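In each ligand, atom 1 is the first atom listed, and ligand 1 is the first ligand listed. Remember, it's a predicted structure, so these values are computed and weren't measured experimentally.
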Amino acid sequence: MEKDCLFCKIIKGEIPSTKVYEDEFVYGFKDINPAAPIHILVIPKKHIDSLSCITDEDEKYIWNIHKAMNKIAEEYGFKQNGYRVIVNCGKDSGQEVMHLHYHLLAGMKFGEKIV
Ligand code: AMP
Ligand code: ZN
């Protein structure tokens, strides 16, 4: 855990968040500035700067993030209609919080596609 990291503080409960999911490795909470009707951030309970920094030791975090997203999609009822997952990585992507996070977006039809 990093002392000055916003998302580490959220995991520790030092900054409030609206929790939607939690297990041993993963924490999921509502984005404060939603870009879709459902906008959840799914993060590892270990401080990892970004996707470009992952190591073999992080395997269980990455795997469990993906499992958690499936569980959340099922629980919140958007698994069938589909959803979009975005991970910003580094400066050019516009990543603002340097604690790895997966944006899970759902509840609308996404018009614009970058890729
Ligand atoms: P990124 O631009 O990929 O680094 O995304 C950071 C995200 O964190 C943005 O979508 C913000 O709205 C969100 N965010 C920032 N502070 C908080 C907070 N305290 N609680 C929930 N989401 C936050
Ligand atoms: Zn952190």
of all protein heavy atoms, closest to atom 19 (N) of ligand 1 is I10 CD1, 3.8 Å
the protein heavy atom lying closest to atom 22 (N) of ligand 1 turns out to be I32 N, 3.1 Å
Is H103 reaching over with its side chain to a backbone N or O of H101, donor-acceptor style, under 3.5 angstrom?
-> no
Honestly, for Y102 the part within reach of ligand 1 (heavy atoms, under 4.0 Å) is neither
Would you check if F78 and L104 make a side-chain contact, meaning some heavy-atom pair closer than 4.5 Å? yes
re atom 9 (C) of ligand 1, the protein heavy-atom contact at minimum distance is D31 OD2, 3.4 Å
Between H66 and N64: side-chain donor-acceptor atoms closer than 3.5 Å: no
Q) Judged by atom type as modelled, is there a donor-acceptor pair below 3.5 Å linking the side chain of D23 to the main-chain atoms of V26? A) yes
The atoms of ligand 1 lying under 4.0 Å from a heavy atom of Q95, numbered in the order shown, are 4 (O)
A student checking ligand 1 against F7 at a 4.0 Å heavy-atom cut-off should list atoms 8 (O)
Can any side-chain N or O of H99 pair as donor or acceptor with the backbone N or O of P44 at less than 3.5 Å? yes
Quick look: N33 vs ligand 1, heavy-atom contacts under 4.0 Å, and the answer is both
Here the pair of heavy atoms bringing Q95 nearest to V97 is NE2-O, 3.0 Å
Taking only non-hydrogen atoms of K30 and a 4.0 Å limit, the atoms of ligand 1 in range are 21 (C)
Any donor-acceptor pair under 3.5 Å from Q80 side chain to G82 backbone = no
Going by the 4.0 angstrom heavy-atom rule, the piece of H103 near ligand 1 is side chain
Note: ligand 1 atoms sitting under 4.0 Å from heavy atoms of L41 are 8 (O), 13 (C), 22 (N)
re atom 4 (O) of ligand 1, the protein heavy-atom contact at minimum distance is E96 N, 2.6 Å
With heavy atoms and a 4.0 Å threshold, my read on which part of I86 contacts ligand 1 is neither
* Are any side-chain N or O atoms of D58 and backbone N or O atoms of T55, one a donor and one an acceptor, separated by less than 3.5 Å? -> yes
Shortest non-hydrogen pair, K45 vs E22, comes out as NZ-OE2, 2.8 Å
Nearest non-hydrogen protein atom to atom 5 (O) of ligand 1, with distance, is H101 NE2, 3.0 Å
min-distance N/O/S atom, H99 vs the Zn ion (ligand 2), resolves to ND1
Taking only non-hydrogen atoms of G94 and a 4.0 Å limit, the atoms of ligand 1 in range are 2 (O)
Looking at H47, the N, O or S atom sitting nearest the Zn ion (ligand 2) is ND1
| Side chain of E2, backbone of D49: donor and acceptor closer than 3.5 Å? | no
Could you tell me whether some N/O pair between V97 and ligand 1 is separated by less than 3.5 angstrom? yes
*Hey, do the aromatic rings of F29 and F7 have their centres closer than 6.0 Å?*
yes
Does ligand 1 come near enough to L6 that some N or O of the ligand is less than 3.5 Å from an N or O of the residue? no
